[in-house]
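Nothing here was measured: the structure is a model prediction, and the numbers come from that model.
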Amino acid sequence: MHELTYAQAINEGIREEMRRNQKIMVLGEDVGKYGGVFGVTRGLFDEFGGERVRDCPLNEAAIVSFAIGLAIQGRPAIAELEFMDFTTFAMDPITNQAPKLRYFWGGQVSVPLTVRTPIAAGLGFGTQHSQSLEAWLIHVPGLKVAMPSNAYDAKGLIKSAIRDPNPVVFAESIGLYATKGQIPDEDYTIPFGKAEIKRKGDDVTLVALGLLVPKALKAAEELAGRGVDVEVIDPRTVAPLDIETIIASVKKTGRLVIAHVASKTGGIGAEIAQQVVERAFDSLDGPPVRVAAPDVPIAASAQLESAIIPDVADIVKACLSFRNARA
Amino acid sequence: MHELTYAQAINEGIREEMRRNQKIMVLGEDVGKYGGVFGVTRGLFDEFGGERVRDCPLNEAAIVSFAIGLAIQGRPAIAELEFMDFTTFAMDPITNQAPKLRYFWGGQVSVPLTVRTPIAAGLGFGTQHSQSLEAWLIHVPGLKVAMPSNAYDAKGLIKSAIRDPNPVVFAESIGLYATKGQIPDEDYTIPFGKAEIKRKGDDVTLVALGLLVPKALKAAEELAGRGVDVEVIDPRTVAPLDIETIIASVKKTGRLVIAHVASKTGGIGAEIAQQVVERAFDSLDGPPVRVAAPDVPIAASAQLESAIIPDVADIVKACLSFRNARA
Amino acid sequence: MTLSDEQQIEALRRMWQIRFFEEAAIRLYGEGRYRGSTHPYIAQEATALGVCATLRPTDQVLATYRGHGAAIAKGADPRGMMAELLGKATGMCKGKGGSMHMSQTDVGFLGCNAIVAGHIPIAGGVALAQKLDDTGAVTAVFFGDGASCEGVFYETLNMATLWKLPLLFVVENNEYAISTHVSESISVPNISMRAQGFGLPGVTVDGRDFYAVYDAAGEAVARARRGDGPTLLEAKTVRWGRHSAVAAGPAGANIDKWKLTDPIPRFKQELLQRGVVSEAQISDIERDAKATIDDAVAFAIESPYPELSELQTDMYA
Amino acid sequence: MTLSDEQQIEALRRMWQIRFFEEAAIRLYGEGRYRGSTHPYIAQEATALGVCATLRPTDQVLATYRGHGAAIAKGADPRGMMAELLGKATGMCKGKGGSMHMSQTDVGFLGCNAIVAGHIPIAGGVALAQKLDDTGAVTAVFFGDGASCEGVFYETLNMATLWKLPLLFVVENNEYAISTHVSESISVPNISMRAQGFGLPGVTVDGRDFYAVYDAAGEAVARARRGDGPTLLEAKTVRWGRHSAVAAGPAGANIDKWKLTDPIPRFKQELLQRGVVSEAQISDIERDAKATIDDAVAFAIESPYPELSELQTDMYA
Ligand SMILES: Cc1ncc(C[n+]2csc(CCOP(=O)(O)OP(=O)(O)O)c2C)c(N)n1
Ligand SMILES: Cc1ncc(C[n+]2csc(CCOP(=O)(O)OP(=O)(O)O)c2C)c(N)n1
Ligand SMILES: [Mg+2]
Ligand SMILES: [Mg+2]
């Protein structure tokens, strides 16, 4: 075991995969000598050189498209977009090309593409640098989407993403980059579509994504003190989504809370809720509850922003909102 | 009263607004002399000239961005994207600029922008020309989204969109362009956020969007023959969404079906369902049911595509799926 | 590079195949045998052949929705193409792609793309892979004058030049993007002039002249193989008339002008003059090309539609 | 155009204001008075002033996230700016925009934009509106070398040239986009050369030389006002060191090089040489600029944060 931050864990995962497979490439803005704007690719340039760890001009559409070109030529490619908000410039390759090429060519190619991009919510960067846009991506058939919440998962998931012969968007949380975790010394991966039950509980099922997983665990602790026993589930990947684990939990608890930093309307919360409602309606004591940002652009002012990004207190409140709370 | 097709109704709406306000501009590919790839802007060039009805080079990002520049200078702008799938190239101006500028500038400007774009689902154009992407857009605070289902609404809504000092995406359905409707001779608009109950019914609430509204009405008729009385609701705009009308209906029927052509996961169906579940859980006999495209890219082959795009039979089946059907 | 007689004969054969393929595509559309649309390559055949005659089987080609010509020129199978057009299970993409997404990777045809210009930066990535593989292979990417307005085209010009990629940009300037004339959409008289802002060679040739295209492409390909980087090749051409089988009335060059500049009779004439073929041989080639396409049509019509279970296949590797 | 003494003095004052503003911004960030980031305009002051000195109040300016300089140069209020930086209710955007979204439309400053290059085509639309208004007003859009790689820049070059828009593209080539040197990202030695591919004039000047910028911008603005269309003006400059207040260690030009090329002492020297001001006056101007920024800082610190109810305002007009 060794200790790494979330950012270092991703770095180690990429590094190990690049050692395993000489064909793997990294492309992006400032990913080379500089090591990435948040340091995630630090040292890769030194180890693998500028051919494989490639600083690109500032053009997201071309970066992701070039990565697709490499991928369909048998070179698994990892493209970095510096903030998730900039997926807007690369939406065509991310949604119209990468996840569809194999399909509309009748299976003639595979597209081993990983698009890494961090979510900056809650850091005061303002509305064009703070969005969590995974809801767009789960609506694109053919695309996989990972949202790691801790260092261990981050490493295991990035390795799976890179090995996956299909396009993956790997959504990191800047707010988690410095959090530390214990990492096994031996090779491991975490499969896509397999949720983790972070805490067992009988009263409420709490599904949290990315940045909100640690907050959900804090909330659960606080709630335990109040006699409410919360089961915390981290889906880890939202496409594919391990709905089975969530449903099994809800069948036990009868209550569902979903927490994400993205704005509420059209967010993933609705999708998870509806899938549970469709399949476990009779088990539910009441409607699933969403904890999410309100439907406003994200203001830069710290005071305003902190009222936007969901926090422990919001999660606690949601878990206590059920009418016939058992506890 | 006069009869117009859906396409002509939009045309007439734009024309009337351009006569009312000399500042209004139209921009897009082939919107000028040619009258638009689907003929929606036909004749506008002749009446208003090439300055106001402006053929643009083939570059969607710049077209929408230029329209934003015009809008913030007090010139309401109507930008056309030839297929909704091409919003991918204009996602930055559509989502990071237009709906946020006013907010992050503290209200100093308004952005009277209308982005018109048609959904081609079901016409055999293949996967990059057949998507219905409204779910992405309702997840963007500050953006309004209209999805007219008939000629009368199309005219009333396009006029509201153009008069609205805020950005609107106006999602047309190519499959409806040729459908006819009676249009009043006098000026009228249809407010955003006001659903229409297209058919009253007591047994099932059926919310349908755009292309599926006529199919929903056909399904309702068929179901009436089988003794199931369906209330058909057309939200007309999905942002803002008139959830009150839907909830009032569900409180009566206890059953909700939502039908859209977009793929199911992450689609609007989940959002509508969850809003209803949140506020009318106790009124529901069972889980809301979604009728949507399966989560696959849209194949070109007619046989495959017709199995993807939801049809009358799919809607009928969904409405009959409730366990304790009253009828 | 010099062209053998066989190569020139094969080029004529494929030009005819393209012509007959597209005529059949329009006819079959009219008969309601498929939906969506199709974008005929008619009158542009000399460009695809002029470029592809300089390529090896291991080189790669990417094209737009108006890409049937490039497909045939790169050696794609007309049967698979025609079946694809009709959405049949025997189509090269199992019917999932249709007219605008044909591809046949085993002959180096990395497909058509229905997003205008979307394939240009993908071609950049393909060329980067080739450069890293260091086998001397090159990529040619075909696109239209309209496509040359999309930002990704310029992004790719910059990156390809910066990284000296073995990439040949072939812009087919047929004067129109649907209804929009180049004079209304492009700020310079020749699209090859864009190259001046990016530091790569830019060349304009008559795209209806097989030999002119071949010579210019040959130089560009040689340059790319040497590791000297990309070239922007503008082939000036005309459009037969309608943008697509569904588009409203002719907005492009009219048919009389088109007949005068038809690249096929012109190429035939040159082949005769150069003594590469006789009149009789030419008739044989034409007949043979016709037979190939007739066979493809029959094959496509007889082929079954895909099973519904195919909906769920090919999404993930 | 000739510059009056007052104009030159005002230019120096604003250059100092920018410098002091940015120094304060870095200091306040260090003190934890706001979060996010800030991108100092230090060492680039002569460019903003050289351009804005050619503009009228009714002309428009759009800038990037590194836009405090352009804001002050166009006449934005330092109090409103500083309060905005700190996220206060008295900020020019009520605290909702922060460092990267400052704007003050009543002085023709149509804001900073945090999406690199996102504002360039918006500036195109603003210039189109001006052309239609036919008042002789022009737009200047500031952006960096990095931004010049984004496709929307080229799309706007093409459209602005095609439509002869009154638009001045000001690319501030400070050699770096965060860590990436222009030699690694741009395929030509001067960014102004891009203009050659688009048919508009392209000029490179020393961006640290107020008069050089002023002259080149003046010509471009005159051309634009005449209806002759856009110009691409490249101002070569250096970056003080770090990309932003949060970015890791210096990747740009080092501080010694920077001191040698500091545009403010240089401009001061020239003003003295030209006899526009005396040493004593210069000290007064510097002191006055300092006082303005000190006052802005005090104002900003004392100002209240926005009410939470402000979250819901300004979304819709
Ligand atoms: C991104 C995108 N925008 C618009 C379209 C619609 N469209 C299809 S073909 C075409 C014109 C393309 O013109 P050009 O590139 O000159 O090619 P040509 O049709 O002349 O071969 C347009 C606008 C599209 N398919 N993709
Ligand atoms: C679309 C987009 N991509 C990436 C970024 C991240 N980013 C912010 S500033 C910057 C570098 C910009 O360099 P340049 O245009 O030269 O401006 P400078 O910082 O030198 O003023 C980058 C990559 C962004 N904000 N927006
Ligand atoms: Mg063309
Ligand atoms: Mg720079």
Side-chain angles (χ1 to χ4, degrees), chain A residues 61 85-97 99-100 102-104 126-128 131 133-142 239 241 262-282 284 286-290 293-300, chain B residues 61 85-97 99-100 102-104 126-128 131 133-142 239 241 262-282 284 286-290 293-300:
Chain A
D85 311 69
F86 314 153
T87 53
T88 53
F89 270 157
M91 275 301 266
D92 196 70
I94 293 175
T95 71
N96 273 336
Q97 308 292 348
K100 295 182 170 67
R102 177 179 173 79
Y103 192 83
F104 65 57
T127 173
Q128 293 174 326
Q131 296 165 90
L133 298 170
E134 66 283 355
W136 291 354
L137 306 173
I138 63 158
H139 192 45
V140 180
L241 174 71
S263 55
K264 183 183 280 188
T265 299
I268 277 193
E271 180 62 39
I272 295 177
Q274 171 63 4
Q275 288 193 27
V276 170
V277 167
E278 280 169 3
R279 295 181 43 198
F281 186 75
D282 293 334
L284 284 166
V289 174
R290 294 185 277 179
D295 293 326
V296 296
I298 297 169
Chain B
D85 311 68
F86 313 153
T87 52
T88 53
F89 271 157
M91 275 301 266
D92 195 71
I94 292 175
T95 71
N96 273 335
Q97 308 292 349
K100 294 182 170 65
R102 177 181 174 77
Y103 192 83
F104 65 57
T127 173
Q128 293 174 327
Q131 296 165 91
L133 298 169
E134 66 283 354
W136 291 354
L137 305 173
I138 65 157
H139 192 45
V140 181
L241 174 71
S263 55
K264 182 184 281 187
T265 299
I268 276 193
E271 180 61 39
I272 295 177
Q274 171 63 4
Q275 288 193 27
V276 169
V277 167
E278 280 169 2
R279 295 181 44 198
F281 186 76
D282 293 334
L284 284 167
V289 174
R290 294 185 278 179
D295 293 327
V296 296
I298 298 169

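Looking at heavy atoms from C-beta onward, A/Asn96 lies in side-chain contact with B/Gln131 at the 4.5 angstrom threshold.
In terms of heavy-atom pairs under 4.5 angstrom with chain B, the leader among A/Gly267, A/Gly142, A/Ala61 is A/Gly267. Top candidate by heavy-atom pairs under 4.5 Å with chain A, chosen from B/Ala90, B/Ala273, B/Ala299, B/Ser263, is B/Ser263. Put simply, of B/Arg279, B/His139, B/Lys264, the one with the most heavy-atom pairs under 4.5 Å next to chain A is B/His139. The choice from B/Gly269, B/Pro99, B/Ala270 that makes the most heavy-atom pairs within less than 4.5 Å of chain A is B/Ala270. With chain B as partner, the option from A/Ile94, A/Thr87, A/Ile138 having the largest number of non-hydrogen pairs under 4.5 angstrom is A/Ile138.
Atoms OG1 and CG, from B/Thr265 and A/Leu241 in turn, are 8.5 Å apart once rounded to the nearest 0.5 Å. Here the straight-line distance linking atom CG of A/Asp92 with atom CE of B/Met91 works out to 11.0 Å at 0.5 Å rounding. A distance of 9.5 Å separates CD1 of A/Ile298 from OH of B/Tyr103, quoted to the nearest 0.5 Å.
In this structure, A/Glu134 has no salt bridge (charged side-chain N to carboxylate O under 4.0 Å, His left out) partners at least two apart in sequence or on a different chain. Qualifying salt bridge (charged side-chain N to carboxylate O under 4.0 Å, His left out) partners for A/Arg290, counting only residues two or more places apart in sequence or in other chains: B/Glu271, B/Glu278.
Contacts between B/Leu284 and chain A at a heavy-atom distance below 4.5 Å involve backbone atoms as well as side-chain atoms. If you measure heavy-atom distances from A/Pro93 to chain B, you find no contacts under 4.5 Å at all.
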With side chain to side chain contact (heavy atoms under 4.5 Å, CB included) as the criterion, how do A/Val140 and B/Trp136 come out once you've worked through the C-alpha distance, each side chain's angles and the decisive distance to 0.1 Å?
CA-CA 10 Å; A/Val140 180; B/Trp136 291 354; 3.8 Å; yes

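Pairing each heavy atom of B/Gly286 with each of A/Phe281, the nearest pair is CA-CE2, 3.4 Å.
A donor-acceptor contact shorter than 3.5 Å links the side chain of B/Gln274 to the backbone of A/Pro288.
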